[in-house]
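Below is one structure; the comments refer to it alone.
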Protein chains: 2
Amino acid sequence: MATPQTGAGDPVRSSELLWRAFEPQHTRPGPKPRLTVEQIVTAAIALADRDGLGALNMRNVAAELDVGTMSLYRYVPGKGELLDLMVDAVNAPDGDEPDTAGMDWREVLEYLASSTLTFYAAHPWILEVNQKRPVLGPQSLRGLDFALAAFDDHDLSDREAILIITAVFGTVTGIALSYLIQDVPADQGGPVSTEEEWWEVQLPYLQRAMESGRFPRMSRLDQEDAWNVTPETAVRHTLDAYLAGIAPRMEATYRPGARSPGRDAT
Amino acid sequence: MATPQTGAGDPVRSSELLWRAFEPQHTRPGPKPRLTVEQIVTAAIALADRDGLGALNMRNVAAELDVGTMSLYRYVPGKGELLDLMVDAVNAPDGDEPDTAGMDWREVLEYLASSTLTFYAAHPWILEVNQKRPVLGPQSLRGLDFALAAFDDHDLSDREAILIITAVFGTVTGIALSYLIQDVPADQGGPVSTEEEWWEVQLPYLQRAMESGRFPRMSRLDQEDAWNVTPETAVRHTLDAYLAGIAPRMEATYRPGARSPGRDAT
DNA sequence: CCTTGATCGGGTACGTTGTACCCAGTAATA
DNA sequence: TATTACTGGGTACAACGTACCCGATCAAGG
């Protein structure tokens, strides 16, 4: 096959590892570990970023770290759990997050959308990972917390806030899936690699289909114009319309400091 | 592993097979084929619907049809191409599509969204298939053509029409991905199967995280209320807002019969 | 200091996949 | 009837995840 994949290992083990930093460490007998979980996760992410998810297997990760394949299993229960850790780890902040204090709801949500899109562009393999059950690790939670800042000055129910975040996030993800048709790092000269070749292959069939009269509306499209859309454009269009749609509600609930954290505790 | 997956085989072979009905058939020497591509695709879809994508392998498909594993390769070049065929085949109309003639743009798009969501619910494995390159087969094209009916009475550019369809489709897909956390058909009593158990495992860690003070906004959420969202609700919220957002534009471009097909050919 | 036993590195090997290759049986054509 | 393209499908191998094992290591107790 080309690019097998899955997500989510045993949640018990995944959770343990995700929150490992918060567990106390005591000294133990035996040799010092040669690796850390961080090193393995970092190497695995580098590998996936560079060579695609298809190249992510335990032997390759081990080779990346110059250790034996089975040594990885001293730190990580299996590949599924490793993927869980990778997914959370790539959500780590990159340092150029803005301060939400001076931003209104629209700015926060727009930042959320655009940073999510660049995130997918940087780690396209994430879109291939089968995120059945959401593994909420520290980094993912951090992102959620950041997003909630959009509603600091609004009197919205928790449910509505989550609904809006889900909408923005889901929109970007859905569009990214359609467009970030990541060209497999063309190490192997497989059947077809580039996007151009791909369309070239389909074209004659599509052409004949258009001429068949079975797709009257499609055949009237100016193909050149119709498909001239980048993921950025698509996200911008969708988000603009969506934000315009919720704007009345956001304005109606504007109440400075309504939800900002830390008020009632001081 | 648990649920390996991928999509897209050799596009040349996939395209040939997708459009095979339009190719002429001539009589040939040798024994009559015992199977058809349709039978294989149907069996594979039944298998995936029933047992999940994890159970979809060539040996199981062959067993389903009571033939030898390798016989499948007489009809289908490989698993990747079979998946391409499956994806297109499930897009076949189910007979209860409404007539778009009496529907306005909003009704068409709303139907598109809701039918897409029920589609994902019926074939959750589709969400796991890695749809890198879109394989545009006859059924997928038919769906696109249907969607374009929303703009029959509107004077929109092709590009804008595609943008809107992409938005609706992407939104539903993105949300479906977050929510249709398909519970693996629990044939194997694996580590954790049900959604409840899953949350039960995460809860203590989340609890501790909330208490850590690192996620001030998250920890102020009423968890019960905040996550009480179904995919239907989420889609409805997002779509309502989005449609409200594009409504002015749609009204501004209302021009009965502007794009309906077949006018200029009569 | 030496013993003990938990821990570490990692080699070997097996089960599950996709599928290349091969051979024997079959049926339209010459 | 002979030819030959085509069919069913068995065997076998490569890639992968990982169970299991052995020997090396080193904190703690004597």
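Lettering of chains follows the sequences in order, A, B, ..., and the numbering in each one begins at 1.
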What is the separation between atom CG on B/Leu82 and atom P on C/dG18, rounded to the nearest whole Å? 10 Å
Rounded to whole Å, CG of B/Leu72 lies from C1' of C/dT17 at a distance of 14 Å
Atom CG of A/Asn60 and atom P of D/dA14 are separated, to the nearest Å, by 18 Å
A/Tyr75 side chain near C/dG9 phosphate (N/O to OP1/OP2, under 4.0 Å): yes
Distance check needed: C/dA20 P versus B/Lys79 NZ, whole Å only. 15 Å
Report yes if some heavy atom in the side chain of B/Arg214 is under 4.5 Å from a heavy atom in the side chain of A/Arg142; otherwise report no. no
Nearest-angstrom distance from the residue atom CG of B/Leu56 to P of C/dG18: 8 Å
Quick one: A/Leu65 CG to C/dG10 C1', roughly how many Å, whole number? 14 Å
Can you name the closest pair of heavy atoms from B/Asn91 and B/Ser140 and give their distance? ND2-OG, 3.8 Å
Please tell me if the side chains of A/Leu206 and B/Leu141 come closer than 4.5 Å, counting only heavy atoms from C-beta onward. yes
Output all residues satisfying ring pair (Phe, Tyr, Trp, His ring centres under 6.0 Å) with B/Phe119, sequence neighbours left out; order by chain, then residue number. B/His123
Base, sugar-phosphate or nothing for B/Arg59? Non-hydrogen atoms, less than 4.0 Å. base
Distance check needed: C/dG18 P versus B/Leu53 CG, whole Å only. 10 Å
Hey, which of B/Leu82, B/Leu17, B/Leu72 is the one that makes side chain to side chain contact (heavy atoms under 4.5 Å, CB included) with B/Pro77? B/Leu17
Side-chain donor-acceptor contacts of residues 34-44 of chain B below 3.5 Å, not counting sequence neighbours, with atom names and distances?
| residue | atom | partner | partner atom | Å |
| --- | --- | --- | --- | --- |
| B/Arg34 | NH2 | B/Asp66 | O | 2.9 |
| B/Thr36 | OG1 | B/Gln39 | N | 3.1 |
| B/Glu38 | OE1 | B/Arg20 | NH1 | 3.4 |
| B/Glu38 | OE2 | B/Arg20 | NH1 | 2.3 |
| B/Thr42 | OG1 | B/Glu38 | O | 2.7 |

C/dG9 phosphate, OP1 or OP2: any side-chain N/O from A/Ser71 under 4.0 angstrom? no
In terms of ring plane angle, is the pair A/Tyr205 and B/Trp19 parallel, tilted or perpendicular, where the classes change at 30° and 60°? parallel
Contact pattern, 5' to 3', of nucleotides 21-30 of chain C - B, S or - by protein heavy atom under 4.0 Å: BB--BBBSS-
Rounding to an integer number of Å, can you tell me how far A/Arg34 CZ sits from C/dG10 C1'? 10 Å
